[in-house]
S.K.: 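Here you go, one structure.
Hydrogens, waters and symmetry mates are skipped; everything else that's a heavy atom, side chains included, is used. Ligands are counted one by one from 1 in listed order, and the atoms in each one are counted from 1 as well.
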Amino acid sequence: MCGIVGIVGKLNACKSALNVLKNLEYRGYDSAGLAFLQKNHLNTIKALGKLNELKSKFEILEEGIKDVSIAIGHTRWATHGKVILENTHPILSKNVAVVHNGIIENHDQIRLELKEKDVIFETTTDTEVIPHLLSISMKNTQNFFDACVSVVNKIEGAYAFAAIHSLNEEIFVARQTSPLVIGIGNEYNIVGSDAQSISQMVDEVIYLNDGDYAILNKTQIQIYDSDNKKVEREKINIQSNLNFLNKDGFKHFMEKEIHEQPNVLINTIGSLIRDENDLNIFPEKMNIQKNCGITICAAGTSYYAAMVGKYWIEKFSSIPVNVELSSEYRYRSPASEMYSCMIVISQSGESIDTLMAMREAKKLNLKTMAITNVEHSSIDREADYSIYTHVGPEVGVASTKSFTSQLIVLLSIAMKIGMYNKKITTEKCQDFIQNLKLVPNFLSKILSLNKEFINLAQAIKNSRNILYLGRGVLYPLALEGALKLKELSYIHSEGFAAGEMKHGPIALIEEGLPIIMFLTSDGMEEKSISNLQEAIARGGKVFLISDQKNINKISFIDNKVLIPSFQETWNDVFSPIFMSIPAQLIAYHVARERGTDIDQPRNLAKSVTVE
Ligand code: F6R
């Protein structure tokens, strides 16, 4: 992960770099730093903790460094080396400074080689090999660009880095798998880990391709591909959307993003509907074929969306679906003959595990389709076909509106493939579309139960362990509820398929253990209720989230939140979308009660670009 920035040609470059870093803080926030040139002298400012710590240090020095016109900066999510000042980027060697995002996989080997040349290492980062290689190479070549290219040829792994040296005002950048974008300014140029972060300062950007490297000064940008050929890359107009940095009166971004779901999901749904009885989804582009299945790869919350997608796609289209964690798929020699398509799901479009799984699928000749929130992200650009979730930037590290939007896209895909496969009639699709349009408003009704989830949160906030249960399409919701709770509140929580409890996890139940169950009227509710009885009999304290229709069957449960029931035919189908709101609100309120850092939970980052 980590966010990197570089600016050349703009006065008060450190301040501009800090502003960009603020937009990149979602990528890591354990320490941050800047390196800049003043009178051909390389200086750094570094601070542990959030970016505000660096900002405070910068403000003390600001007056004296206003004339600086070249700077690089970094916000860190530690991979190699503890969170200490020495390991904070930029990392220097003599007159060279480097910021890096990713992992240099052969750094151990390079370290050994450099130590033999009496290089002394001052950090425990993998990054430090880059500035050392650079300064040694500069001694030989006397040319910064050539030295940088020799480093690119030497290092292996997934990385993006920016380097400066004290002789000239120029920045070298290179990207291998990790994202990097160049912004074209008026008499200045800039690089950043994503386009949004630099969109305040430029109208046009260039996305570097994998393996590209470039050198920029204030007026020129020269780009080379992995074959060392000079290339032109497309310039793309971007619109600044800085509204995402506004909490709109909510206490946290996560709270805002939970409550804006009814509004933003209108965009998701609007983009999916072609007309009253058709959807803007093209099974031909996905290479859907009779007797062939689909593999879906994703990570974290997006993986749980994929699990729900499997239930839907198999139910409505009878196409077999294999759901896999991206990090596993790539390395396990998957048998691919029986699949014609891979769908990858990634909010950020940058999760390296998912990107690599998609590349693996391409090698295996599968058509690739991406469901992503970020247009022009690496996954979007490499996929054969993309569908966007259109929910706007998600700032809170925990995924909320992305999850519900991914579910809506997956359900729509299931319906469209069902039509394509002649399992779903046009009338059924028409009915689906009518009902889909009602979902945003319905979610507002569930959100209005906020107070009940605050009460529930107060009842469980001091627990050390919590279980989540669900059956069928709500089983992945149990997993998602548990993930959300553990990442925000640091309470140990696990999700299980309700029917699986008796095969082992039931041993965990002791007097007073909170058990949260999601229940819908799907014809299996009697079985789920029996599972609850078994838990209660062993001392479990059940908290049930159910739709109104089950009210008579669950009268024996004291702690429950009843959400409204939706239109009969679609109530259980849409239930994972509805139950997402309780899952999110419970985790949010427990974390708020416990006073944890909700938008930036410990050890996490929004976009996971390391394996
Ligand atoms: C959890 C969460 C993560 C992400 C995961 C994948 O709340 O946000 O588990 O879902 O890191 O990220 P994307 O979807 O960007 O690939």
S.K.: Tell me if the aromatic rings of Tyr468 and Phe496 count as close, with their centers under 6.0 Å from one another.
M.R.: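 Here the rings of Phe496 and Tyr468 have centres that are no less than 6.0 Å from each other.
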
S.K.: Using modelled atom types and a 3.5 Å cut-off, is there a donor and acceptor pairing between side-chain atoms of Thr75 and backbone atoms of Ala32?
M.R.: no

S.K.: Among all protein heavy atoms, pick out the one at the shortest distance from atom 4 (C) of ligand 1; state its residue, atom name and that distance to 0.1 Å.
M.R.: Thr301 N, 4.0 Å

S.K.: What protein heavy atom sits nearest atom 11 (O) of ligand 1, and how far off is it?
M.R.: Val608 CG2, 4.0 Å

S.K.: Side chain or backbone of Thr354 under 4.0 Å from ligand 1, or both, or neither, by non-hydrogen atoms?
M.R.: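 The answer is neither.
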
S.K.: Could you check atom 15 (O) of ligand 1 against the protein and tell me its nearest heavy-atom contact, residue, atom and distance included?
M.R.: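 For this ligand atom, the closest protein heavy atom is Ser348 OG, 2.6 Å.
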
S.K.: Within 45 degrees of the axis of the six-membered ring of Tyr304 and under 6.0 Å from its centre: does Lys484 put its NZ or CZ there?
M.R.: no

S.K.: Starting from atom 7 (O) of ligand 1, what is the nearest protein heavy atom, named by residue and atom, and what distance separates them?
M.R.: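 Ranking protein heavy atoms by distance from atom 7 (O) of ligand 1, first comes Glu487 OE2, 2.4 Å.
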
S.K.: Numbering the atoms of ligand 1 from 1, which are under 4.0 Å from a heavy atom of Ala398?
M.R.: 7 (O)

S.K.: What protein heavy atom sits nearest atom 6 (C) of ligand 1, and how far off is it?
M.R.: Ala299 O, 3.3 Å

S.K.: Considering heavy atoms of the protein only, find what lies nearest to atom 12 (O) of ligand 1 and give residue, atom and distance to 0.1 Å.
M.R.: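 The closest heavy atom on the protein side is Ser351 OG, 3.4 Å.
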
S.K.: Do the two ring centres, one from Phe566 and one from Phe578, sit under 6.0 Å apart?
M.R.: yes

S.K.: Please collect all ring-ring contact (aromatic ring centres under 6.0 Å, His included) contacts where either partner lies in residues 355-383, sequence neighbours excluded, each pair once.
M.R.: Tyr207-His376

S.K.: Regarding Lys247 and the six-membered ring of Phe253, is the cationic atom NZ or CZ under 6.0 Å from the ring centre and inside 45° of its axis?
M.R.: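 Checked: cation-pi criterion met.
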
S.K.: Ignoring angles and geometry beyond distance, decide whether Gln406 reaches within less than 3.5 Å of ligand 1 through its nitrogen or oxygen atoms.
M.R.: no

S.K.: Can you find a non-hydrogen atom of Val397 under 4.0 Å from ligand 1?
M.R.: yes

S.K.: Show the atoms of ligand 1 that are less than 4.0 angstrom away from any heavy atom in Lys484.
M.R.: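 In order of number, 1 (C), 7 (O).
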
S.K.: If you measure from each non-hydrogen atom of Glu350 to ligand 1, which part falls under 4.0 Å: side chain, backbone, both or neither?
M.R.: neither

S.K.: Partners of Arg471 by salt bridge (charged side-chain N to carboxylate O under 4.0 Å, His left out), sequence neighbours excluded?
M.R.: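 Here no residue qualifies.
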
S.K.: Is NZ or CZ of Arg602 both nearer than 6.0 Å to the six-membered ring centre of Tyr490 and within 45° of the ring axis?
M.R.: yes

